[in-house]
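Residue numbers start from 1 in every chain, and the chains themselves are labelled A, B, ... in the order their sequence lines are given, proteins ahead of strands.
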2 protein chains.
Amino acid sequence: MEGVDHLAFERNKAQFDVDAMKIVWAGSSHALEVSDRMSRLVASDPAFRKDNRAMLGRKELFKNTLRKAAYALKRIIELRLSEEEASMLRSFVDEPAFTDLHWGMFVPAIKGQGTEEQLKKWLPLAQKMQIIGCYAQTELGHGSNVQGLETTVTFDPKTDEFVIHSPTLTSSKWWPGGLGKISTHAVVYGRLITDGQDHGVHGFIVQLRSLDDHLPLPGITVGDIGMKFGNGAYNTMDNGVLRFDHVRIPRDQMLMRVSRVTREGKYVQSNVPRQLVYGTMVYVRQTIVSDASTALSRAVCIATRYSAVRRQFGATGGNPESQVIDYKTQQARLFPLLASAYAFRFVGEWLKWLYTDVMTRLQANDFSTLPEAHACTAGLKSLTTSATSDGIEECRKLCGGHGYLCSSGLPELFAVYVPTCTYEGDNIVLLLQVARHLMKTISQLGSGKKPVGTVAYMGRVEQLMESRSDVQKAEDWLNPSAVLGAFEARAARKSVACAKNLSKFSNPEEGFLELSNDLVEAARAHCQLIVVSKFIDKLQQDIPGKGVKQLLEVLCSIYALFHLHKHLGDFLSTGCITSKQGSLANDQLRSLYSQVRPNAIGLVDAFNYTDHYLSSILGRYDGNVYPKLYEEAWKDPLNDSVIPDGFQEYIRPMLKQQLRNARL
Amino acid sequence: MEGVDHLAFERNKAQFDVDAMKIVWAGSSHALEVSDRMSRLVASDPAFRKDNRAMLGRKELFKNTLRKAAYALKRIIELRLSEEEASMLRSFVDEPAFTDLHWGMFVPAIKGQGTEEQLKKWLPLAQKMQIIGCYAQTELGHGSNVQGLETTVTFDPKTDEFVIHSPTLTSSKWWPGGLGKISTHAVVYGRLITDGQDHGVHGFIVQLRSLDDHLPLPGITVGDIGMKFGNGAYNTMDNGVLRFDHVRIPRDQMLMRVSRVTREGKYVQSNVPRQLVYGTMVYVRQTIVSDASTALSRAVCIATRYSAVRRQFGATGGNPESQVIDYKTQQARLFPLLASAYAFRFVGEWLKWLYTDVMTRLQANDFSTLPEAHACTAGLKSLTTSATSDGIEECRKLCGGHGYLCSSGLPELFAVYVPTCTYEGDNIVLLLQVARHLMKTISQLGSGKKPVGTVAYMGRVEQLMESRSDVQKAEDWLNPSAVLGAFEARAARKSVACAKNLSKFSNPEEGFLELSNDLVEAARAHCQLIVVSKFIDKLQQDIPGKGVKQLLEVLCSIYALFHLHKHLGDFLSTGCITSKQGSLANDQLRSLYSQVRPNAIGLVDAFNYTDHYLSSILGRYDGNVYPKLYEEAWKDPLNDSVIPDGFQEYIRPMLKQQLRNARL
Ligand SMILES: Cc1cc2nc3c(=O)[nH]c(=O)nc-3n(C[C@H](O)[C@H](O)[C@H](O)COP(=O)(O)OP(=O)(O)OC[C@H]3O[C@@H](n4cnc5c(N)ncnc54)[C@H](O)[C@@H]3O)c2cc1C
Ligand SMILES: Cc1cc2nc3c(=O)[nH]c(=O)nc-3n(C[C@H](O)[C@H](O)[C@H](O)COP(=O)(O)OP(=O)(O)OC[C@H]3O[C@@H](n4cnc5c(N)ncnc54)[C@H](O)[C@@H]3O)c2cc1C
């Protein structure tokens with residue numbers, strides 16, 4: 001059977017150029033070439049195998065991760081990989097590790113907040129991994145409210161040092177990845193105190209462990225915080241706890257780009273604008289959005305392939321049963337997720353552009369777009385990660401019982417993904433920030449300040465309050481301007497309604513708290529509009545390849561109309577569309593699903609994932625599911641022996657009715 | 001700190017009699033007394049401790065489960081517990097085990113499908129656990145489509161035996177709990193073949209393992225199917241794979257209550273109506289609904305208590321920060337789940353009554369209510385388990401980062417719960433069954449057949465198509481008849497719309513497939529109506545205790561109005577309510593949340609769960625969260641040593657820039 005492609009008949013159905021679509025998905029031919037090469041490199045190297053991860057105990061699992069991280073670096077050095085290649089390779093190793101925080105948070109924090117001098121000192125060390133760093137912000141008692149952190153960092157002018165201290169139990173650092181067992185250094189956030197005055201939260205580079213024997217330095221208590229959700233999953237990461245007992249660091253380990261403490265202990269703001277810090281947040285969240293499309297597309301790829309393999313019911317006259325992918329309910333659950341994966345891909349691409357744009361402007365001292373860029377990345381982080389978490393679990397359910405097996409790959413994908421909804425900003429807290437930005441935008445409309453970027457449509461608010469959709473038949477919903485009009489009107493009206501209700505409160509803060517649920521809904525409507533409009537923008541580009549653009553148009557319509565249907569209450573209650581128009585959208589959706597159906601396998605093949613990366617028997621490229629599920633089962637440790645451990649002590653006495661005298 | 005109740009100030013706020021509510025939740029004073037006693041018995045016995053479950057390898061974990069199951073039975077015997085007490089005790093042990101299938105599926109299957117003679121022979125053996133049984137229906141290739149099972153059971157008249165055989169790989173039994181390592185017997189479903197004729201799927205009692213040495217009998221291949229979602233969770237269960245190579249069993253091991261095979265090999269239907277089998281399904285699904293309320297209430301209890309402990313933002317002038325439970329967004333996510341837990345409790349109670357009613361009627365040869373009861377339990381199983389799965393994960397997110405730790409209890413609760421959406425009927429497949437029943441009901445309206453039970457409202461369909469809600473101010477939504485009217489109208493109109501669209505198809509089956517998504521929505525609307533109406537019915541009863549009934553009224557309104565808001569599109573597009581009325585419902589919801597707020601802790605205390613049963617540091621009764629989280633962290637195996645395994649081999653060479661020569 002080996003070598004047979006059980007999904008060939010599906011692949012033959014595709015009406016578009018899958019290879020051209022691969023380029024669109026990857027972003028460019030170059031990106032495709034690199035990711036293809038790196039993913040194969042990892043997949044073909046037995047050192048990166050991941051099949052038994054779900055069965056390993058914590059220690060073994062962790063040790064294995066250390067091995068892979070070291071081996072990956074070794075290969076990177078040996079093959080002289082570029083930064084781009086190296087980072088791709090790391091991501092295809094596909095196992096959370098201390099290196100994620102080192103490269104993803106520690107290095108960027110120093111880059112973003114360090115002075116030139118500090119960069120010169122610390123970056124080379126970090127880049128060669130002569131030191132390993134983590135990002136220690138969250139405490140046992142404070143996560144979302146960063147300004148409430150309790151760790152103190154007190155300047156001692158006598159010795160020209162800072163004294164870092166954990167004054168309470170709740171001030172213990174808690175969660176930082178890589179902290180528990182591996183990091184030699186951390187960027188630690190704490191309240192800066194000079195001369196008895198509290199200057200709020202600042203970042204400091206702190207050495208935690210000896211570079212000789214790796215033991216924690218004096219005054220430092222550090223360890224792992226214990227098991228997390230799922231088998232394998234994030235348990236490969238040493239999220240840690242850290243307490244300081246009056247630990248001293250030299251003054252020059254405060255990250256001093258934005259503000260600094262002088263030798264005399266004076267607190268001084270530099271002339272670098274504070275907003276620069278937001279640049280880093282925009283950067284980090286932009287990567288989260290593109291990771292969302294990756295995670296969701298993996299789940300969708302697995303569920304789509306398996307839905308084409310799985311047959312259930314509907315056998316007629318000698319014909320095999322129906323593939324479950326042919327059921328309309330299956331399509332209505334699966335295809336909007338497929339469309340979302342593509343939508344998030346393109347909005348992620350756009351965010352990458354936005355980040356570059358913002359940084360260029362910052363260099364030129366233009367801060368005008370920053371608040372909007374900040375709100376929009378916050379909102380898109382929230383929207384895409386929530387949708388992806390729910391989407392992965394839906395994909396698991398779409399696989400029926402077999403989706404519940406670890407060998408389906410979906411349980412681990414879910415468990416490892418969900419914290420994304422919480423870290424880098426709790427998703428609800430982020431939507432409230434977006435809402436604040438929206439309310440501010442509206443309040444400034446009168447002042448003649450023209451809203452820019454993704455809130456530009458608010459500048460047309462008067463027209464949007466009046467507009468009526470002119471959709472008359474189902475196909476009219478294929479018109480991007482019909483869709484955009486409805487989504488803009490809905491978003492504008494939800495926001496305006498909130499602003500009106502807010503204005504009834506004498507205390508605006510109180511009003512904000514009281515109406516926060518409506519505000520969250522308005523923010524969500526705004527974010528969905530962004531995704532829809534960026535997908536539509538993408539389709540304005542020249543996209544080569546037979547049938548590629550056409551299919552993307554279908555997916556774009558599915559994304560939009562699915563959400564229109566899901567949030568029909570919004571559209572109807574604000575009078576943006578009529579019930580009849582809503583029902584036409586639903587009709588159109590049905591026909592769009594039929595258009596996707598023959599192309600479904602092609603559309604997930606276009607992600608170009610190796611079987612290693614998917615690590616799912618249900619999602620195998622060749623569709624050879626059942627024999628492999630069967631083989632895999634026997635590898636479970638419980639199958640090592642025919643009679644299980646414990647049978648003699650516990651089950652035999654039960655069967656033999658001798659429990660009374662058994663010693664259990 | 002031990003002994004201090006950190007939530008006492010919250011408990012003092014309660015405006016109702018928590019003890020009286022405990023009785024309402026438990027169902028009766030008697031039920032409360034028994035469950036209280038049993039849960040304490042388990043909680044106080046160190047043999048039932050469960051703290052290290054997440055860290056155990058599969059074998060250890062499984063062995064531990066065998067020990068607990070045996071010990072539980074020993075205690076049941078020693079204490080001469082009644083059946084009611086024994087089953088409570090088992091449920092408080094709170095660990096999936098082979099015993100669940102033995103008591104929950106094997107015994108009921110024999111009871112439901114066995115003849116008097118068969119009961120006499122097999123039940124005593126099973127009841128004393130001289131044999132241990134499982135329920136082997138699902139195969140690698142077939143779950144939902146039971147009629148598609150491939151296992152053959154061929155009668156051999158020469159020896160008066162059946163020959164059981166697995167003709168294909170996909171015919172391997174796959175999933176049955178307790179099968180993998182423990183069961184000595186199984187009820188096996190396969191295609192009955194006599195004289196070359198296929199009579200479809202029937203059940204047979206088959207011995208799998210020797211009662212002497214526990215080895216699989218000749219011709220039987222059996223094992224565990226491997227790891228499943230989550231740490232601990234369902235990995236305590238030996239879901240199994242089973243293949244038959246021409247295995248022979250005596251003829252009298254066919255379950256022959258409904259049909260049988262004679263000595264000559266003739267297939268004969270008995271005069272017992274086939275519908276009896278549905279009785280068992282109604283029974284099993286009814287227990288699933290009440291288990292849904294249990295699982296959801298556990299998650300809600302954890303999230304509610306922790307939301308009262310957790311403070312974030314909003315510190316003013318020396319006052320501590322706000323408890324996150326005071327945020328309206330937190331309330332709008334949490335309180336509808338609290339209301340759902342109560343709603344599911346009451347609908348579960350009602351289903352218990354329905355089951356008794358159906359059985360009484362069956363005894364009197366009255367089958368008239370059976371189809372409706374069957375559809376309604378199917379629908380409620382689907383609705384409550386989907387809502388509970390999503391609800392548990394939402395509760396986890398409501399706990400922020402700390403919810404991601406195993407010590408929060410929520411990851412395991414989720415992982416162990418989610419398959420409920422798939423087993424005993426995939427939730428979408430079930431809704432499609434409900435939809436079929438609804439369409440049938442509508443098609444029979446003309447014929448003068450009066451719809452009964454939960455579809456009785458369809459009898460008023462003409463009125464419901466015309467009705468308009470007369471809600472004028474927010475408080476009008478507190479009126480049960482306003483709520484009921486809106487939910488009935490919505491359900492009726494969704495169904496009627498489907499029926500109309502279906503009638504446009506010349507082939508009704510094709511129409512059903514094409515419109516299945518609309519049908520699923522109609523079925524969901526119908527099921528939500530049932531939950532709402534049973535909650536309202538419950539409130540017609542006399543409910544003693546200060547403030548108890550009032551609070552239940554609040555919860556009932558929250559359940560209804562939350563869903564009205566969530567599915568506003570349904571209500572508006574069908575013209576059941578106006579946008580203005582929808583917005584009034586939303587206003588009312590806000591005020592209802594405020595009424596719950598001071599009672600929130602009391603309402604979850606009323607579940608009367610022990611800390612052992614919750615197994616959550618975040619959900620501790622005393623709210624002493626932080627010190628216990630801190631303590632717990634250090635128990636992780638990774639903290640056994642300061643320097644982790646693997647450091648010397650993998651990390652040191654990295655730090656020392658000696659990777660090139662390292663052997664990894
Ligand atoms: C896997 C993982 C990895 C992590 N890695 C790191 C790391 O490397 N370094 C690091 O420093 N941290 C890390 N964290 C911590 C993470 O950043 C925090 O968990 C996150 O910021 C959320 O904060 P919290 O846990 O305090 O949630 P909380 O703020 O306590 O949230 C609890 C609930 O309160 C609600 N809430 C809070 N504030 C408000 C408000 N103002 N209005 C309405 N509702 C509110 C939230 O919506 C949520 O429902 C990690 C966390 C996880 C889970
Ligand atoms: C933890 C666990 C324990 C179990 N225990 C047992 C046990 O003890 N004994 C036992 O016999 N079995 C057991 N099972 C098996 C269980 O009963 C099946 O998994 C279940 O019946 C679902 O069937 P399936 O897996 O074949 O799903 P499938 O039917 O393959 O479902 C796959 C997808 O197809 C869709 N689909 C299927 N048919 C249709 C249709 N007609 N229309 C539209 N969509 C459709 C589904 O909605 C789903 O999205 C267990 C399963 C699990 C996960």
Side-chain angles (χ1 to χ4, degrees), chain A residues 54-55 57-59 63 66-67 70-71 73-74 129 140 143-145 169-170 175 181 214 223-229 241 312-313 328-329 332 397 400-401 404-406 411 419 421-422 428 516-517 520 568-569 572-573 579 582 626 633 636-639 643-646 650-651 654 659 664, chain B residues 54-55 57-59 63 66-67 70-71 73-74 129 140 143-145 169-170 175 181 214 223-229 241 312-313 328-329 332 397 400-401 404-406 411 419 421-422 428 516-517 520 568-569 572-573 579 582 626 633 636-639 643-647 650 654 659 664:
Chain A
M55 301 175 207
R58 184 81 204 278
K59 275 185 185 175
K63 184 173 175 183
L66 301 187
R67 180 183 57 73
Y71 182 76
L73 185 52
K74 185 174 153 92
M129 299 202 86
L140 195 45
S144 297
N145 183 13
L169 179 72
T170 46
W175 273 118
K181 290 284 148 185
H214 204 62
D224 186 272
I225 58 170
M227 292 288 285
K228 289 145 289 185
F229 200 163
V241 45
Q312 209 76 190
F313 296 105
K328 295 286 166 186
T329 48
K397 292 206 180 90
Y404 190 61
L405 286 170
C406 288
C421 296
T422 305
I428 293 296
S516 52
N517 287 304
V520 162
L568 189 59
L572 294 181
S573 66
S579 299
Y626 298 118
D636 193 274
L638 266 194
N639 289 325
I643 313 282
D645 273 8
Y650 308 124
I651 305 301
M654 192 182 273
L659 269 186
L664 303 179
Chain B
M55 300 176 209
R58 183 81 204 278
K59 274 185 185 173
K63 183 175 176 183
L66 300 188
R67 179 184 57 73
Y71 182 75
L73 184 53
K74 186 177 153 93
M129 300 201 86
L140 195 45
S144 297
N145 183 14
L169 179 73
T170 47
W175 272 119
K181 290 285 149 184
H214 204 63
D224 186 90
I225 59 170
M227 292 288 286
K228 290 146 290 185
F229 200 163
V241 45
Q312 209 77 190
F313 297 103
K328 296 285 165 185
T329 47
K397 292 207 181 86
Y404 191 61
L405 286 170
C406 289
C421 296
T422 304
I428 293 296
S516 53
N517 286 305
V520 163
L568 189 59
L572 294 180
S573 65
S579 299
Y626 297 117
D636 192 274
L638 266 194
N639 288 324
I643 313 283
D645 273 8
F647 174 81
Y650 309 123
M654 192 182 274
L659 269 186
L664 303 180

With a 4.5 angstrom heavy-atom cut-off, is it the side chain or the backbone of [X] that approaches chain B, or both, or neither?
{"X": "A:T170", "result": "side chain"}
{"X": "A:I651", "result": "side chain"}
{"X": "A:S573", "result": "both"}

Heavy-atom pairs under 4.5 Å with chain A: which of [options] has the most?
{"options": "B:S144, B:G226, B:A54", "value": "B:S144"}
{"options": "B:T422, B:L572, B:N639, B:L568", "value": "B:N639"}
{"options": "B:K63, B:K181, B:K397", "value": "B:K181"}
{"options": "B:K59, B:Q312, B:K74", "value": "B:Q312"}

Self-check item: Side-chain heavy atoms of A:M55 within contact of B:R58, under 4.5 Å
Solution: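 No - every pair of side-chain heavy atoms lies 4.5 Å or more apart.
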
Quick check for you: among [options], which has the greatest number of heavy-atom pairs under 4.5 Å with chain B?
{"options": "A:L405, A:I225, A:L169, A:L638", "value": "A:L638"}
{"options": "A:D645, A:L664, A:N517", "value": "A:N517"}
{"options": "A:C421, A:G582, A:G401", "value": "A:G401"}

Self-check item: Nearest-0.5 Å distance that lies between atom CG in A:D224 and atom CG in B:D636
Solution: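 Output value for this atom pair is 5.0 Å.
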
Quiz item: Roughly how far, to the nearest 0.5 Å, is OH of A:Y71 from CE of B:M654?
Solution: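 OH of A:Y71 is found 13.5 Å from CE of B:M654.
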
Quiz item: Can you say whether the rings of A:F229 and B:F229 are parallel (under 30°), tilted (30 to 60°) or perpendicular (over 60°)?
Solution: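 Aromatic pair A:F229/B:F229 classed parallel.
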
Exercise. Below 4.5 Å from any heavy atom of chain A, which atoms of B:L73 appear? Answer side chain, backbone, both or neither.
Key: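 Answer is both: backbone and side chain atoms of B:L73 are under 4.5 Å from chain A.
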
